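Below is one structure; the comments refer to it alone.
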Amino acid sequence: MVARAMVTGAAGRIGRAVLALLAERGIEANALVLDDPGDLAARLVVTGDATDATAVRAALEGADAVIHLAAIPTPERNTAYEVFAGNSLATFTVLEEAGRAGIRHAAVASSWGVTGLPWTDAEDPHPPYAPVDEAMTSQVADPYGLSKQVDELTARMMARRHGMSVVCLRYPYVGGFEERLRAHAARLTADPAAGARDLWTYLEVRDAARAALLALDVPGRAAHAVHLCAPEIIVPYPTEELLRRFHPTTELRSPLPGRAAPVDTSAARRLLGFTAENLLDHEEVPRAETGMAGSPGAAGEPGLPFPATARAAAG
């Protein structure tokens, strides 16, 4: 049972949800943040960078578990060097200092970006098969996705080096319903091509936080990586029709009825006992006019608009 968790990136979207859930469950929290916003639900707040071993050691005071969320979340706003070096070094530093401090349970924010699909420069990248699973070969061609690959390799090494349990959580597009998920759903409903690289997946932020806490209960001395997402896609179209339209070369390895997410999350169910609980109600999603002709949909589903391009919707 975790008594106190150290959370990096605690002022961020998932970080705040994690702090709230820790408080709800009576677990103390230490927070490591670049800047203290002054309203974090944490016993101890340390201001510093997750690449700084001194700051990390200070934030680990009294902790018996780590949830590492701090990262540059996209390759689009920083240099390639800053993204790769910053993310990779932060994960190494946090896990190394945690291991030296005797901590044996850690959760690390990996990403759907580890697949390479969101930001590769390849024109219209396609997964080789669906549902996508953790064994799928990566198509990474960007510094962010590479940093997440290295994070998962670092987790494996640290598990061996320190006898730790480390779970890397491959988060998709994460947000709160009011904060951004409903608006995101409306955009992709009008232009489903914009979600093709993410396979139209999402996860509500409270589920993201719950998965992080579940990861701290995984026993043993090993590292794991698991995909997470809601069981249905964020747009009101049949999944198989979307795949035929936007990923015509993708092999369908098992049926995806209705709006079933084309990502296999069975590893997360087995390892964590996790299934997303907070699901988007499409009746509450504002509908935008697409200005485009539609194609026939499956029974009970609207037809697909005909968009022009497929762009990454990751964020």
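Hydrogens, waters and symmetry mates are skipped; everything else that's a heavy atom, side chains included, is used. Given the structure is predicted, the values throughout are model-derived calculations rather than measurements.
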- Item | Geometric class of the H227/W112 ring pair [parallel <30°, tilted 30-60°, perpendicular >60°] | tilted
- Query: Is the F246 ring parallel, tilted or perpendicular to the W200 ring (thresholds 30°, 60°)?
  - Reply: tilted
Quick check: is [Y] connected to [X] through a chain of hydrophobic side chains (ILVMFWY, heavy atoms under 4.5 Å apart)?
X	Y	result
L19	I67	yes
V33	L44	no
V108	V226	no
V7	V174	yes
L89	L95	no

Do [X] and [Y] have side chains that approach each other closer than 4.5 Å (heavy atoms only, starting at C-beta)?
X	Y	result
R100	H162	yes
T115	P127	no
L279	P231	yes
R43	N30	yes
F274	T265	no
S254	P131	yes
F177	L280	yes

Nearest 0.5 Å, what's the [atom1]-[atom2] distance between [X] and [Y]?
X	Y	atom1	atom2	result
C168	R156	SG	CZ	8.5 Å
H184	T189	NE2	OG1	9.5 Å
L181	D281	CG	CG	13.0 Å
M6	D64	CE	CG	12.0 Å
L146	S88	CG	OG	6.5 Å
T239	R244	OG1	CZ	10.5 Å

- Item | side chain to side chain contact (heavy atoms under 4.5 Å, CB included) involving R25 - partner list, sequence neighbours excluded | L21, I27, R210, L213
Heavy-atom pair of closest approach, residues [X] and [Y]:
X	Y	answer
A106	M164	CB-CE, 4.1 Å
A276	L203	CB-CD1, 3.9 Å
L252	L243	CD1-CD1, 4.2 Å
T93	T51	OG1-O, 3.6 Å
T8	A70	OG1-N, 3.0 Å
L32	A59	CB-CB, 4.0 Å

- Worked check of side chain to side chain contact (heavy atoms under 4.5 Å, CB included) between E96 and V56: CA-CA 10 Å; E96 174 69 2; V56 172; over 6 Å; no
- Pairs where residues 54-107 contributes a residue and the test ring-ring contact (aromatic ring centres under 6.0 Å, His included) is met, not counting sequence neighbours: none
Looking at [Y], is its backbone amide N or carbonyl O close enough to the side chain of [X] to form a donor-acceptor pair, meaning the two atoms are under 3.5 Å apart?
X	Y	result
N87	A71	no
Y171	A208	yes
D151	S110	no
H282	I234	yes

- Message: Testing the 3.5 Å rule here: is there a donor-acceptor pair between the side chains of Y202 and D198?
- Response: no
- Task: Would you tell me whether H126 and Q139 have side-chain atoms, one donor and one acceptor, within less than 3.5 Å of each other?
- Result: no
[X]: what forms a salt bridge (charged side-chain N to carboxylate O under 4.0 Å, His left out) with it, not counting sequence neighbours?
X	value
E152	R170
E61	none
R206	E204
R57	E97

- Task: Might you work through the side chain to side chain contact (heavy atoms under 4.5 Å, CB included) test for I233 and L188, ending with a clear yes or no?
- Result: CA-CA 11 Å; I233 57 175; L188 300 193; over 6 Å; no
- Item | Stepwise side chain to side chain contact (heavy atoms under 4.5 Å, CB included) test for E134 and H224 | CA-CA 10 Å; E134 291 80 8; H224 311 269; over 6 Å; no
- Message: Test side chain to side chain contact (heavy atoms under 4.5 Å, CB included) on D39 and R16; report intermediate values, then the result.
- Response: CA-CA 10 Å; D39 63 348; R16 285 181 176 273; 2.9 Å; yes
- Query: Would the number of heavy atoms belonging to other residues, nucleotides or ligands and lying under 6.0 Å from CG of D35 be above 12?
  - Reply: no
